[in-house]
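Reading through the structure tokens given below for one structure.
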Amino acid sequence: MTGLSNGASALNKVKFTKLFINGEFVDSVSGKTFETIDPRTGDVIARISEGDKEDIDIAVKAARHAFDFGPWPRMSGAARGKILLKWVELIEEHAEELATLDAIDAGKLYHMCKNVEVPSAANTLRYYAGAADKIHGEVLKMSREFHAYTLLEPVGVVGHITPWNFPNTMFYIKVAPSLAAGCTMVIKPAEQTPLSALYNAHLAKLAGIPDGVLNVVTGFGPTAGAALSSHMDVDKVSFTGSTQTGREIMQAAAKSNLKQVSLELGGKSPLIIFDDADVDKAAELALIGILYNKGEVCVASSRVFVQEGIYDEFEKKLVEKAKAWVVGDPFDPKVQQGPQVDKEQFEKVLSYIEHGKREGATLLTGGKTVGNKGYFIEPTIFSDIKDEMIIAQDEIFGPVMALKKFKTIEEAIKSANNTKYGLAAGIVTKNLDTANTVSRSIRAGTIWINCYFAFGDDVPFGGYKMSGFGKDHGLEALHKYLQVKSVVTPLYNSPWL
Amino acid sequence: MAAISNGHEASSFNIPPIKFTKLFINGQFVHSISGKEFETVDPRTEEVMTKIAEGGKEDIDVAVKAARVAFDDGPWPRMPGAERARIMMKWADLIDQNVEEIAALETIDGGKLYHYCKAFEIPAAASTLRYYAGAADKIHGEVLKASRELHAYTLLEPIGVVGHIIPWNFPTTMFLAKVSPALAAGCTMVLKPAEQTPLSALFYAHLSKLAGIPDGVLNVVPGFGPTAGAAISSHMDIDKVSFTGSTEVGREIMRAAANSNLKPVSLELGGKSPLIVFDDADVDKAAELALLGILFNKGEICVAGSRVLVQEGIYDEFEKKLVEKAKAWVVGDPFDPKVQQGPQVDKKQFEKILSYIEHGKREGATLLTGGKSVGNKGYYIEPTIFSNVKEDMIIVQDEIFGPVMALMKFKSIEDAIKSANNTKYGLASGIVTKSLDTANTVSRSIRAGIVWINCYFAFGNDIPYGGYKMSGFGRDFGLEALHKYLQVKSVVTPIYNSPWL
């Protein structure tokens with residue numbers, strides 16, 4: 001494993017550690033702070049203000065005032081778009097800082113963040129900036145003499161609860177459409193990764209987002225997160241995270257003011273590789289599918305089904321490639337996989353690996369930790385999987401693949417759907433009919449054919465079944481932050497109906 | 001006191017026998033597994049009409065299994081939309097052919113006006129079925145605009161097995177408004193009608209079979225909320241629940257969904273909708289609109305204009321006309337064509353409304369007219385109007401769901417907007433004015449899902465309808481409603497050498 005680079009300069013990038021409410025960085029009401037840890041070393045990076053219910057109340061009041069009386073919803077969409085575009089420029093100017101923050105906070109690959117993720121997040125913001133002045137209601141087709149139309153109105157004050165695996169990306173995919181729609185918001189980023197959210201709030205202010213429109217309250221789920229989901233004056237909560245927390249949020253919403261929720265939850269996404277696939281490319285795709293972002297992706301292809309005709313060759317190439325995979329310091333451009341985000345995740349993944357061994361799956365490669373400092377785990381592949389095994393049903397959220405052989409297309413579809421989740425799926429085949437049949441038959445929200453992780457700003461993304469409901473990306477996502485109002489008036493002497 | 005009809009024309013009406021009283025599962029009428037039954041009562045007379053099979057958790061399980069097989073393996077989702085449409089159109093024709101029998105069932109089950117059901121509500125519901133039948137072959141995904149060499153599109157797929165839980169105030173309208181878009185989308189379903197009004201749902205189920213809806217696609221399980229309803233909302237194999245009813249039950253359904261399989265829910269809940277009458281209104285017409293707004297369907301309508309805000313310039317004249325008209329309103333047997341208001345749906349609602357009227361008196365509001373029950377049999381209540389109300393009074397904040405209006409005076413347009421929005425609900429609202437600017441400003445400013453300008457209850461098949469705030473989320477009617485029963489799947493493939501992007 002490669003050595004750790006000098007982290008001192010990285011720590012200089014940590015400028016913002018307090019709550020961002022109503023345009024100012026402020027301490028939490030209680031004065032409490034919490035540590036954020038560098039998963040490369042287990043060391044404390046900084047102490048961050050810990051927001052709780054009282055801080056959420058203040059933030060929601062600011063957001064409510066900004067919505068009910070402030071300029072943001074009253075501006076034209078084009079004017080909102082302009083401010084968002086200014087913000088995009090600032091993101092691009094500060095890409096290095098943002099990438100550094102995610103690397104030290106979450107163990108993400110620095111170069112990936114700087115060259116791919118942060119620019120993508122900026123593009124997402126551009127996309128919605130461009131959509132802000134193109135939000136259309138409809139004039140309806142009446143069967144009596146009435147003039148009727150729908151208005152797509154901003155839903156109001158939104159609560160965003162974002163996860164730790166893609167802090168910058170998640171921040172922008174939630175914030176961008178809700179701002180474009182004219183909403184105001186309170187964001188509670190994951191406690192593991194508060195740094196880039198606070199930096200982004202700072203950039204928002206520089207860009208000209210009015211005070212109170214965007215508030216960031218760092219803190220924990222059971223306190224700040226729960227306060228947001230049960231707040232009587234928040235109109236909508238948008239959440240990405242675990243299925244268990246998703247349940248709690250929906251319950252809190254139901255108990256409080258019946259606010260709308262959208263949930264993007266876990267996955268156990270299947271990648272199905274047919275006999276006609278290019279075996280080498282397929283093996284590479286499968287490996288990236290589970291090792292990208294150290295397996296901490298909700299759409300990770302954690303179950304790989306390979307048709308029997310190519311199975312042996314595939315398994316051989318897969319294991320070769322896995323053994324050559326470079327695990328180490330995420331600042332090192334040669335490294336392909338950084339540490340897991342924190343100790344809790346690290347231990348959870350290792351415990352699933354033990355389950356796999358006990359359940360009788362075959363450990364083809366990996367299974368152990370790397371080094372004696374930080375949270376690094378080897379790429380791990382189990383074969384001879386049965387659908388009911390825990391490692392085939394539970395979302396592990398780490399670099400652990402379950403590999404299985406299949407015979408027929410029907411068998412593949414059946415196994416693919418044998419999960420409570422339904423987030424994504426991949427199909428590798430050259431055959432048009434196979435691609436069409438299987439894409440219709442898998443119950444999942446995104447199907448990647450001969451590719452994986454192919455996201456796009458215009459491509460809606462979200463789950464089926466217990467992977468949740470509601471979409472991020474695309475014009476679809478705007479609808480989460482809009483409400484439909486129907487307006488109806490009688491008409492007289494209209495020359496047509 | 002409101003006028004009462006003498007009931008002669010009603011008593012000579014020939015009420016048809018009740019033919020369907022069992023659960024409809026997998027194309028058959030069957031007893032409940034437990035054998036239990038419950039009574040359904042005629043609110044005109046307080047008498048038991050018949051016993052209905054009472055579905056419980058085990059019956060819901062059987063129904064969901066049937067719906068699941070029908071979805072996963074049956075013909076319904078696999079048919080083209082146009083074929084689903086033909087069957088739905090046939091069903092609409094059968095409804096038209098049986099309109100009198102169904103209208104009679106609604107009258108004895110829910111106290112609804114017979115002639116209104118026959119001439120308007122049931123034909124309108126049949127037109128809703130036809131509307132969605134016509135939409136079934138026009139459900140479009142989109143091809144997306146990729147910023148890299150990818151071909152990407154969305155598929156709008158039927159979500160699967162749907163649970164519908166419908167209320168007792170508009171049994172026909174609710175049945176068809178829920179079932180039609182779900183069927184058009186290709187879903188299968190289990191519907192639990194309100195225990196107060198199971199009769200028309202079972203009749204519709206019978207007609208659906210005659211029309212050719214395949215077995216298992218549409219299942220109807222009468223029963224109670226805490227048993228059959230709860231079993232639906234917490235079922236691990238139902239993909240979506242669509243509910244119309246009280247806010248309290250809406251909460252329980254959302255919690256049960258969260259506790260079980262995180263199924264998406266849509267909720268259409270209560271309302272305390274404001275009708276705002278400006279100085280430039282025609283006072284006579286406005287008073288009529290306001291009265292209809294609270295007395296239509298005996299006030300048992302979620303969008304009832306239960307708060308009436310009148311600008312001070314016309315207030316006195318308005319109040320005078322309103323009370324005159326209220327006193328002339330005819331309350332009586334709903335089979336009588338002269339009657340404008342039938343009985344409340346059951347004893348519980350009847351007592352709840354009377355208790356709210358007592359609250360109003362105790363809170364110090366002025367009782368302008370009404371306030372008492374009518375006759376000594378059945379659940380009839382006089383049209384009741386309170387004035388001099390304060391916004392924090394219970395009768396101004398709570399949904400009463402009966403013929404009780406809270407009348408208020410206002411000064412400026414800003415006052416009206418503020419009062420209108422001073423509610424946890426956000427279902428509907430009405431504005432009466434000739435001024436274009438007033439209409440535009442106020443319609444943008446009221447936080448409610450429907451704004452009626454110079455009209456009220458103006459529904460249409462193409463108009464989406466649903467709440468803001470604690471009136472719920474999700475829309476019925478319009479193409480919007482289809483989205484409740486569809487899921488968006490994105491399909492993405494790399495492309496090579498495309499001449500454009």
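For the numbers below, each heavy atom of this structure counts, side chains included, while hydrogens, waters and symmetry mates do not. Labels below follow one simple rule: chain letters A, B, ... track the order of the sequence lines, proteins then strands, and each chain is numbered from 1. This is a predicted model, so every value here is computed, not measured.
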Quick one: what part of [X] sits under 4.5 Å from any heavy atom of chain B, side chain, backbone, both or neither?
| X | answer |
| --- | --- |
| T243(A) | both |
| F146(A) | side chain |
| T150(A) | side chain |
| K471(A) | side chain |
| K259(A) | backbone |

Against chain B, work out which of [options] has the most heavy-atom pairs shorter than 4.5 Å and name it.
| options | result |
| --- | --- |
| R144(A), K485(A), M250(A), Q251(A) | K485(A) |
| E476(A), R440(A), K420(A) | R440(A) |
| V459(A), L263(A), L475(A), V484(A) | V484(A) |
| G246(A), A444(A), G468(A) | A444(A) |
| G456(A), G445(A), G470(A), A454(A) | G445(A) |
| S439(A), P490(A), A424(A), A148(A) | P490(A) |

Under 4.5 Å from any heavy atom of chain A - which part of [X]:
| X | result |
| --- | --- |
| R251(B) | both |
| N421(B) | neither |
| L269(B) | side chain |
| E480(B) | side chain |
| A152(B) | side chain |
| N454(B) | both |
| L479(B) | neither |
| I450(B) | both |

So which heavy atom on S429(B) is nearest to which on A448(B), and how close? OG-CB, 4.3 Å
If every non-hydrogen atom of A131(A) is compared with every non-hydrogen atom of L478(A), which pair is closest and at what distance? CB-CD1, 4.1 Å
Does any non-hydrogen side-chain atom of [Y] lie less than 4.5 Å from one of [X]?
| X | Y | answer |
| --- | --- | --- |
| Q487(B) | R443(A) | yes |
| S445(B) | E414(B) | no |
| R68(B) | I238(B) | no |
| I463(B) | M142(A) | yes |
| Y131(B) | S143(A) | no |
| W448(A) | V299(A) | yes |

Between [options], who has the most heavy-atom pairs with chain A when the cutoff is under 4.5 Å?
| options | value |
| --- | --- |
| I159(B), L155(B), L262(B), I253(B) | L262(B) |
| A428(B), S260(B), G430(B), G478(B) | S260(B) |
| G474(B), C455(B), G466(B) | C455(B) |
| A458(B), G160(B), G250(B) | A458(B) |
| H151(B), K145(B), K469(B) | K145(B) |
| P494(B), G460(B), A146(B) | P494(B) |

Would you call the rings of [X] and [Y] parallel, tilted or perpendicular if under 30° counts as parallel and over 60° as perpendicular?
| X | Y | result |
| --- | --- | --- |
| F455(A) | F453(A) | parallel |
| H147(A) | Y149(A) | tilted |
| F477(B) | Y465(B) | perpendicular |

Side chains of N259(B) and S234(B) only: does a donor on one sit below 3.5 Å from an acceptor on the other? no
Step by step, would you call V488(A) with F459(B) a side-chain contact (heavy atoms from CB on, under 4.5 Å)? CA-CA 9 Å; V488(A) 188; F459(B) 294 103; over 6 Å; no
Look at D472(A) together with K480(A) and state whether they make a salt bridge at an N to O cut-off of under 4.0 Å. yes
Has the side chain of S467(A) got a donor or acceptor atom that lies under 3.5 Å from a matching backbone atom of G266(A)? yes
